[in-house]
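Submitted below is the structure of interest, expressed as structure tokens.
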Amino acid sequence: MLSFNLLSTDVRGKARAGVIRTERGEIETPIFMPVGTVGTVKGVLGPVLTDDIKAQIILGNTYHLFLRPGNDVIQKAGGLHQFMNWKRPILTDSGGFQVFSLADNRKLSDEGVTFRSHIDGGKHFFSPENVVDTQRIIGSDIMMALDECPPGDADYQYAHKSLQLTQNWLKRGHAHFEKTKPLYGKHQAWFPIVQGAGYPDLRRSAAQFVTDLGAEGNAIGGLSVGEPTDLMYEMIEVTNEVLPEDKPRYLMGVGTPANILEAIDRGVDMFDCVMPTRNGRNGMLFTSEGIINIKNKKWENDYSPVDPNGTSWVDRYYSKAYLRHLFVSRELLGPQIASVHNLAFYLWLVKTAREEIIAGNFASWKSKMVQNVAQRI
RNA sequence: GGGGAGAUACCAAAGCGGUCAACUGGGGCAGACUGUAAAUCUGCUGGCGUACGCCUUCGGAGGUUCGAAUCCUUCUCUCCCCA
């Protein structure tokens with residue numbers, strides 16, 4: 001079973017500190033989950049992820065793993081944990097986000113979605129049911145429901161229709177989940193997803209629908225897909241007013257350090273985002289003092305540490321000038337160091353948020369940190 | 001000693017009478033990135049101006065022409081081949 005214990009709630013706000021227990025270990029919330037789409041957190045070795053970054057749970061992606069290496073290889077390996085030698089929990093996205101991000105290569109129907117593979121153009125059909133089956137083969141500790149993620153500027157009519165499709169899929173996915181069993185002897189949870197675009201009434205009814213499914217945790221999807229930030233915060237608030245307090249809440253795909261702090265303040269427990277790794281690979285460093293573009297000329301002769309306050313050894317071991325040199329020279333070590341740093345920073349951020357919630361100081365710490373973290377330096 | 005080729009912006013390299021402030025690469029500078037089709041993509045890169053534009057450029061000097069990076073003369077320098 002997956003359980004969630006709420007330890008502490010910030011006195012002023014809705015921020016929560018808790019513990020999720022899975023058969024592969026505990027997850028202290030709020031938590032950030034590094035994204036490892038195809039069975040690898042890009043550029044980061046497993047032991048670094050475990051010991052240095054201290055990731056408690058990582059993501060995988062059903063669509064990508066299904067295409068390559070494929071269910072067969074993963075099943076023969078004994079599941080994704082065995083395959084990549086990762087012993088802590090894994091959450092897998094269902095491919096729902098690819099319904100959105102590969103919009104040009106897919107066809108939606110009530111039954112499911114037909115994709116054209118981005119790798120070889122081949123046709124594949126995903127349904128709420130077969131996506132559960134594939135995630136059983138992957139063996140993730142938390143499986144995600146198949147959903148449709150409408151774009152941020154979806155009009156009401158589309159958002160409404162899309163939500164009905166998603167809810168139909170949630171019902172079917174949930175039923176199939178209840179009917180099937182793990183393949184490797186470890187419990188797997190299944191999280192449904194709240195959609196509803198930027199419309200409070202849709203979000204509220206979607207949250208109620210999801211709550212009624214009685215899953216072990218719930219997710220908020222369809223945010224940070226082009227809508228204004230304030231609208232995203234409003235949707236999180238509206239949704240969390242309805243979602244049950246005794247289950248973890250997962251905000252999918254978000255976001256910037258400031259986004260995460262604001263969402264924690266509105267009662268979110270779990271996050272994932274490609275930003276620390278992708279933007280890190282592209283030279284953006286997130287620090288407690290603000291955002292650095294390490295490729296900029298101004299760091300050319302700055303021999304100070306990457307981040308003097310950083311929590312990863314790379315922060316003090318390498319200088320900004322050296323890291324800039326690696327990026328400018330297109331050396332592979334540059335993106336690797338940046339990824340390790342950014343992930344360690346994200347994990348530090350949520351860990352500190354947790355401590356501040358428990359200490360009762362979250363609100364004041366947050367308002368100061370949101371400012372620091374968002375500025376460009 | 002004889003014969004030939006060439007000098008273009010930071011580098012390489014197109015252009016061979018007007019549509020050239022000059023193709024394209026590289027380099028440089030900056031930007032984007034939110035459940036990863038991304039170790040990717042975009043913009044700028046003579047000066048001044050937001051912009052229409054104006055000014056100074058294609059080895060040096062002179063010339064032809066309404067008009068030259070492009071044609072002619074000459075100087076300087078580089079490279080290749082044969083002895």
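Chain naming here is simple, since letters A, B, ... match the order of the sequence lines and numbering starts at 1 in each.
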Whom does B:rC29 pair with, Watson-Crick or G-U wobble, provided both distances fall under 3.5 Å? B:rG43

Salt bridge check, A:Lys351 against A:Glu28: does any charged N sit closer than 4.0 Å to a carboxylate O?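 Not counted as a salt bridge, because no side-chain N and carboxylate O are separated by less than 4.0 Å.
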
Any idea which heavy atoms bring A:Pro30 and A:Val268 closest together, and the distance? CB-O, 4.3 Å

With a non-hydrogen cut-off below 4.0 angstrom, is A:Asp147 in contact with a base, only sugar-phosphate, or nothing?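 Base contact.
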
Contact class for A:Asp272 vs. all strands (heavy atom < 4.0 Å): base, sugar-phosphate, or nothing?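 Result for A:Asp272 = sugar-phosphate.
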
Is there side-chain contact between A:Arg16 and A:Phe4, with heavy atoms separated by less than 4.5 Å?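 In short, these two side chains touch, coming nearer than 4.5 Å.
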
Tell me the partner of B:rA14, counting only Watson-Crick (N1-N3 plus N6-O4 or O6-N4) or G-U wobble (N1-O2 and O6-N3) with both under 3.5 Å; none if nothing fits. none

Between B:rC54 and B:rG49, how far apart are the two C1' atoms, rounded to whole Å?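 Per the computed distance, 9 Å lies between those C1' atoms.
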
Taking only the P atom of each, what is the distance from B:rG2 to B:rC75 in whole angstrom?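 About 16 Å, rounded to a whole number of Å.
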
Taking atom C1' in both B:rA39 and B:rG46, compute the distance separating them and give it to the nearest angstrom.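 B:rA39 and B:rG46 have their C1' atoms separated by 34 Å.
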
When you measure from the side chain of A:Trp169 to the backbone N and O of A:Asp110, does any donor-acceptor pair fall under 3.5 Å? yes

Return the 5'-most residue of the pair A:Arg376, A:Leu102 with respect to RNA chain B, ranking by each residue's nearest nucleotide.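 Upstream on the strand: A:Arg376.
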
Of A:Val328 and A:Cys149, the one whose closest RNA chain B nucleotide lies more 5': A:Val328

Base, sugar-phosphate alone, or nothing: which one does A:Asn259 contact when heavy atoms must sit under 4.0 Å apart? base

Please classify the nucleic acid contact of A:Glu300 as base, sugar-phosphate, or nothing, using heavy-atom distances under 4.0 Å. nothing

Which value, in whole Å, describes the distance between the P atoms of nucleotides B:rA68 and B:rG62? 14 Å

Identified side chain to side chain contact (heavy atoms under 4.5 Å, CB included) counterpart of A:Gln56 within the set A:Val350, A:Ile20, A:Ile27, A:Thr22: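 Filter result, single survivor: A:Ile27.
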
Does B:rG62 pair with anything, Watson-Crick or G-U wobble, both distances under 3.5 Å, and if so, with which nucleotide?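 Paired with B:rC72.
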
Taking a pair to mean Watson-Crick or G-U wobble geometry with both distances below 3.5 Å, B:rG35 pairs with none

Between B:rG47 and B:rA13, how far is it from one P atom to the other, in whole Å? 24 Å

How does the hydrophobic cluster around A:Leu202 look, that is, which other residues are in it when side-chain heavy atoms under 4.5 Å mark a link? A:Tyr156, A:Leu163, A:Tyr199

Heavy atoms only: give me the nearest A:Tyr346-A:Pro257 pair and the separation to one decimal.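 Looks like OH-CD, 3.3 Å.
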
Could you check, using the six-membered ring where one of them is a Trp, whether A:Tyr318 and A:His325 have ring centers closer than 6.0 angstrom? no

Roughly how far apart, to the nearest Å, are B:rG6 and B:rU70 at atom P?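 Result for the P pair: 14 Å, nearest Å.
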
Would you indicate what A:Asn105 reaches in the nucleic acid, counting non-hydrogen atoms under 4.0 angstrom: base, sugar-phosphate, or nothing?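 The residue A:Asn105 makes base contact.
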
If B:rG1 has a Watson-Crick or G-U wobble mate with both distances under 3.5 Å, name it; if not, just say none.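 Across all strands, the one nucleotide that pairs with B:rG1 is B:rC82.
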
Nearest-Å distance once atom C1' is located in both B:rC71 and B:rG15: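 So the two C1' atoms sit 15 Å from each other.
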
On a whole-Å scale, what distance lies between the C1' atoms belonging to B:rU40 and B:rC23?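 Taking atom C1' in both B:rU40 and B:rC23, they lie 26 Å apart.
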
Students often get this wrong, so: under 4.0 angstrom with heavy atoms, is A:Ile193 touching a base, only sugar-phosphate, or nothing?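 Base contact.
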
Under a 3.5 Å cut-off for both distances, is B:rC77 Watson-Crick or wobble paired, and to whom?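 Checking every strand shown, B:rC77 finds its partner in B:rG6, with both distances under 3.5 Å.
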
Donor-acceptor contact below 3.5 Å, side chain A:Arg88 vs main chain A:Ile58: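 Not confirmed, A:Arg88 side chain does not pair with A:Ile58 backbone.
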
So what does A:Ser339 touch, heavy atoms closer than 4.0 Å: a base, only the sugar-phosphate, or nothing? nothing

Heavy atoms only, 4.0 Å cut-off, all strands: where does A:Gly222 land among base, sugar-phosphate and nothing?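 Base contact - A:Gly222 has a heavy atom under 4.0 Å of at least one base atom.
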
Give me the first and last nucleotide of RNA chain B, going 5' to 3', that has any atom under 4.0 Å from a heavy atom of chain A. B:rG28 to B:rU40

